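Below is one structure, written out as structure tokens; comments come after it.
Computed over heavy atoms, backbone and side chain alike; hydrogens, waters and symmetry mates excluded. What you are looking at is a predicted structure, and each value in this text was computed from that prediction instead of being measured.
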Number of protein chains: 2
Amino acid sequence: MTHATILVVEDEPDIRRFLRSSLGAEGYRVVESPNGRRGTLDAGMHKPDLAIVDLGLPDFDGVEVIRHIREWSPMPILVLSARIQERSKVEALDAGADDYVTKPFGVGELLARVRAALRHAARPASGTELNFGEARINFEKRQALRDGAAVHLTPIEFRLLACLARHLGMVVTHRQLLTEVWGPTHAADTHYLRVYMKQLREKLEADPVQPKHLLTETGVGYRLAD
Amino acid sequence: MTHATILVVEDEPDIRRFLRSSLGAEGYRVVESPNGRRGTLDAGMHKPDLAIVDLGLPDFDGVEVIRHIREWSPMPILVLSARIQERSKVEALDAGADDYVTKPFGVGELLARVRAALRHAARPASGTELNFGEARINFEKRQALRDGAAVHLTPIEFRLLACLARHLGMVVTHRQLLTEVWGPTHAADTHYLRVYMKQLREKLEADPVQPKHLLTETGVGYRLAD
DNA sequence: GCGCATTTTTACGGGTTCTTTATGCGGCGG
DNA sequence: CCGCCGCATAAAGAACCCGTAAAAATGCGC
């Protein structure tokens with residue numbers, strides 16, 4: 001496991017250099033994007049643990065970048081801006097940003113906010129327990145039981161199940177599952193889902209051939225029913 | 001175990017000397033830092049069992065030191081201060097300090113609080129003792145038994161086991177184990193864990209090849225099950 | 001300074017997990 | 001009735017992770 005990866009979307013080379021050295025010195029891996037288009041792509045490619053986004057970008061507004069990222073990931077987003085205007089700040093936070101730093105800013109403040117954001121994101125997001133059929137899943141312990149016996153789930157199986165559990169009872173589309181578990185570059189690889197849904201049914205359903213909870217919604221996605 | 005390591009972050013040489021002799025006489029190993037910057041570094045370098053931090057430091061506030069340490073370690077932190085103000089006390093405790101001593105203080109009081117903090121920290125989730133399989137571990141005495149016979153654990157083995165015990169039944173990620181045991185600079189050195197988990201299994205498991213309690217969660221971390 | 005316990009580093013074989021591919025089934029519309 | 005599409009299933013190869021042993025370096029007490 002490496003240090004956290006941070007995506008920096010910033011057009012001004014000076015500020016980019018400053019961020020690279022400040023964050024790099026703390027052991028973070030830094031990925032840089034000079035504009036909004038690259039930023040949204042890099043977010044999908046590198047799947048960073050946190051994104052720092054400048055609001056004033058040459059091609060399209062930073063708020064757009066935030067919206068794009070928020071379509072598929074809950075990663076913490078830190079907004080950077082020279083503007084004092086309250087409006088853009090509100091817009092950015094509404095779009096899903098987590099925190100806001102106004103230029104000029106000091107290294108200490110920036111690093112503190114980065115750490116705070118990462119710490120906050122590290123908290124277990126989903127509620128602790130989930131029960132359906134003979135299966136009991138504890139997301140905090142990262143443990144699954146069936147008929148009281150421990151069942152081992154691989155990292156991907158767990159993320160997939162967690163994604164379904166977050167939308168308990170609702171249909172989750174192929175696209176949404178794929179982007180949240182494998183990243184937006186695999187948004188079309190529906191065969192992954194077939195393989196892993198079978199694994200989950202095999203491990204958690206009483207009768208994997210006639211699933212009662214891990215349900216298929218043909219042509220749309222999957223649904224977890226309790 | 002009387003050989004706990006204590007980090008003292010204190011700028012005044014007189015008080016430092018006083019602490020060094022008082023704590024040294026009790027058998028503690030003492031590491032001294034004259035300012036906040038060195039303090040945060042030394043905490044990562046020496047991985048002390050307890051930190052004593054003065055609030056009034058020349059470079060930056062002791063509360064900052066506490067926050068830095070708390071980002072990666074749950075080690076007990078004892079605050080030292082001449083201030084009577086209630087505010088800084090609250091601030092320090094909010095930042096994650098465990099106890100507070102107001103100057104001037106007596107040797108007896110200090111040592112009592114140090115012992116209390118170490119005793120408190122030595123305990124995993126519940127109670128100071130942990131039993132699994134044929135193994136019995138007393139975290140306060142730093143003593144391990146297997147089938148009634150004493151088993152010697154090295155300092156790192158003990159910290160690793162304590163970290164797992166503190167989260168009994170939960171998966172603890174590679175990153176978390178590494179930062180708590182080796183410090184935040186080694187958060188990526190997963191090979192350490194492989195070596196030491198094997199040692200622990202060799203010493204504590206009935207069948208080290210088929211561990212029943214020190215379990216591995218491939219790609220994620222390790223788990224202590226009872 | 002010396003010897004010992006401990007920690008760190010390195011290399012490799014084996015195991016798990018992920019990805020890819022192939023095949024069969026069933027519904028639906030042409 | 002047949003072909004197409006989406007899904008389930010199985011299985012194999014690739015990539016990655018882990019266990020293991022052993023040597024090298026470090027640090028501590030004497």
Side-chain angles (χ1 to χ4, degrees), chain A residues 1-2 47 142 144 151-161 171-175 177-178 181-183 185-205 207-212 214-223, chain B residues 1-5 24 27-31 42 44-48 142 144 151-161 171-175 177-178 181-183 185-205 207-212 214-223:
Chain A
M1 185 79 114
T2 58
K47 285 181 264 177
R142 203 193 170 85
V151 175
H152 181 71
L153 298 183
T154 70
I156 285 193
E157 286 164 5
F158 222 96
R159 270 190 288 173
L160 183 57
L161 182 60
V171 181
V172 189
T173 63
H174 295 139
R175 175 172 223 81
L177 289 168
L178 285 163
V181 177
W182 280 270
T185 52
H186 294 84
D189 300 337
T190 51
H191 55 278
Y192 284 4
L193 293 177
R194 300 201 191 97
V195 173
Y196 280 92
M197 284 305 295
K198 159 142 174 67
Q199 309 260 65
L200 281 178
R201 283 168 177 160
E202 206 70 47
K203 291 181 177 180
L204 299 174
E205 288 273 5
D207 180 6
V209 182
Q210 306 267 318
K212 291 235 174 354
L214 294 160
L215 307 176
T216 300
E217 296 286 335
T218 307
V220 183
Y222 291 88
R223 182 162 61 95
Chain B
M1 172 87 159
T2 52
H3 288 63
T5 301
Y28 299 115
R29 205 165 74 82
V30 179
V31 177
D42 285 336
M45 296 253 293
H46 294 87
K47 297 155 281 177
R142 299 209 180 193
V151 175
H152 176 70
L153 297 183
T154 71
I156 285 193
E157 285 164 3
F158 230 103
R159 279 213 299 280
L160 185 56
L161 184 59
V171 177
V172 189
T173 62
H174 296 138
R175 171 182 289 278
L177 289 168
L178 285 163
V181 177
W182 280 270
T185 53
H186 293 84
D189 300 335
T190 52
H191 54 278
Y192 285 3
L193 294 176
R194 293 202 262 284
V195 173
Y196 280 91
M197 285 304 296
K198 167 160 168 58
Q199 309 264 64
L200 282 177
R201 284 169 177 158
E202 208 69 49
K203 291 180 177 179
L204 300 174
E205 288 273 4
D207 179 5
V209 182
Q210 306 266 318
K212 291 241 177 341
L214 294 161
L215 307 177
T216 158
E217 295 282 334
T218 308
V220 184
Y222 292 88
R223 177 209 307 273

Worksheet item: To the nearest Å, how far apart are B:Met45 CE and C:dT7 C1'?
Response: 15 Å
Worksheet item: Rounded to the nearest Å, what distance is computed from the NE2 atom of residue B:His191 to the P atom of nucleotide D:dA22?
Response: 19 Å
Worksheet item: For D:dA8, does either OP1 or OP2 sit under 4.0 Å from a side-chain N or O belonging to A:Thr216?
Response: yes
Worksheet entry | A:His174 side-chain proximity, nearest of D:dC7, C:dT8, C:dT19 | D:dC7
Discussion item. The test is salt bridge (charged side-chain N to carboxylate O under 4.0 Å, His left out); show your working for B:Glu217 and A:Arg142 and say whether it passes.
Written reply: CA-CA 10 Å; B:Glu217 295 282 334; A:Arg142 203 193 170 85; 5.0 Å; no
Worksheet, complete the sentence: Here the distance between atom P of D:dT9 and atom CG of A:Leu193, to the nearest Å, is 15 Å
Discussion item. Closer than 3.5 angstrom, by distance alone: can the side chain of A:Glu205 be matched with the main-chain N or O of A:Gln210 as a donor-acceptor pair?
Written reply: no
Practice prompt. Rounded to the nearest angstrom, tell me the gap between atom CG in A:Asp189 and atom P in C:dC18.
Written response: 15 Å
Item to complete: Give a yes/no answer on whether the side chain of A:Tyr196 brings an N or O atom under 4.0 Å of OP1 or OP2 in D:dC7.
Response: no
Item to complete: With heavy atoms under 4.0 Å as the rule, sort A:His186 into base, sugar-phosphate or nothing.
Response: nothing
Fill in: Short side-chain to backbone donor-acceptor contact, B:Asp189 and B:His191, under 3.5 Å
no
Response to the item:
Among D:dA8, D:dT20, C:dT6, the one nearest any side-chain atom of B:Arg194 is D:dT20
Worksheet item: Contact class for B:His46 (heavy atom, under 4.0 Å): base, sugar-phosphate, or nothing?
Response: nothing
Worksheet item: Do A:Trp182 and A:Leu193 come close enough that some side-chain heavy atom pair is under 4.5 Å?
Response: yes
Discussion item. Using 0.5 Å steps for rounding, measure from the NZ atom of A:Lys198 to the CG atom of A:Leu214.
Written reply: 12.5 Å
Worksheet item: Does C:dC18 have OP1 or OP2 sitting under 4.0 Å from an N or O in the side chain of A:Trp182?
Response: no
Fill in: A:Leu153 CG to C:dT17 C1', straight-line distance once rounded to whole Å
13 Å
Response to the item:
In whole angstroms, the gap separating C1' of D:dA8 from CD of A:Glu202 amounts to 11 Å
Worksheet item: Relative to the 5' end of DNA chain D, which residue comes earlier, B:Pro208 or A:Val209, by the nucleotide with the nearest heavy atom?
Response: A:Val209
Practice prompt. May I have the distance from B:Gln199 (atom CD) to D:dA21 (atom C1'), rounded to whole angstrom?
Written response: 11 Å
Worksheet entry | Any B:Lys198 side-chain N or O less than 4.0 Å from OP1/OP2 of D:dA21 | yes
Worksheet entry | Nucleotide nearest B:Tyr192 when distance is taken to its side chain, options D:dC18, D:dC7, C:dT8 | C:dT8
Practice prompt. Looking at every strand, decide which applies to B:Ile156 at a 4.0 Å heavy-atom threshold: base, sugar-phosphate, or nothing.
Written response: sugar-phosphate
Worksheet item: For A:Met197 and D:dG6, what is the distance between atoms CE and P respectively, to the nearest whole Å?
Response: 18 Å
Item to complete: Respond yes when some side-chain nitrogen or oxygen of A:Tyr222 is under 4.0 Å from OP1 or OP2 of D:dA8, and no when none is.
Response: yes
Practice prompt. Check whether any side-chain heavy atom of B:Leu178 lies under 4.5 Å from a side-chain heavy atom of B:Thr190, and answer yes or no.
Written response: yes
Worksheet, complete the sentence: Of the listed C:dT8, C:dT7, C:dT17, the closest approach to the B:Thr218 side chain comes from C:dT17
Discussion item. Can you identify which nucleotide, out of C:dT17, D:dA21, D:dA8, has its nearest atom closest to the B:Val195 side chain?
Written reply: D:dA21
Worksheet item: Any side-chain N or O of B:Thr154 under 4.0 Å from OP1/OP2 of C:dT7?
Response: yes
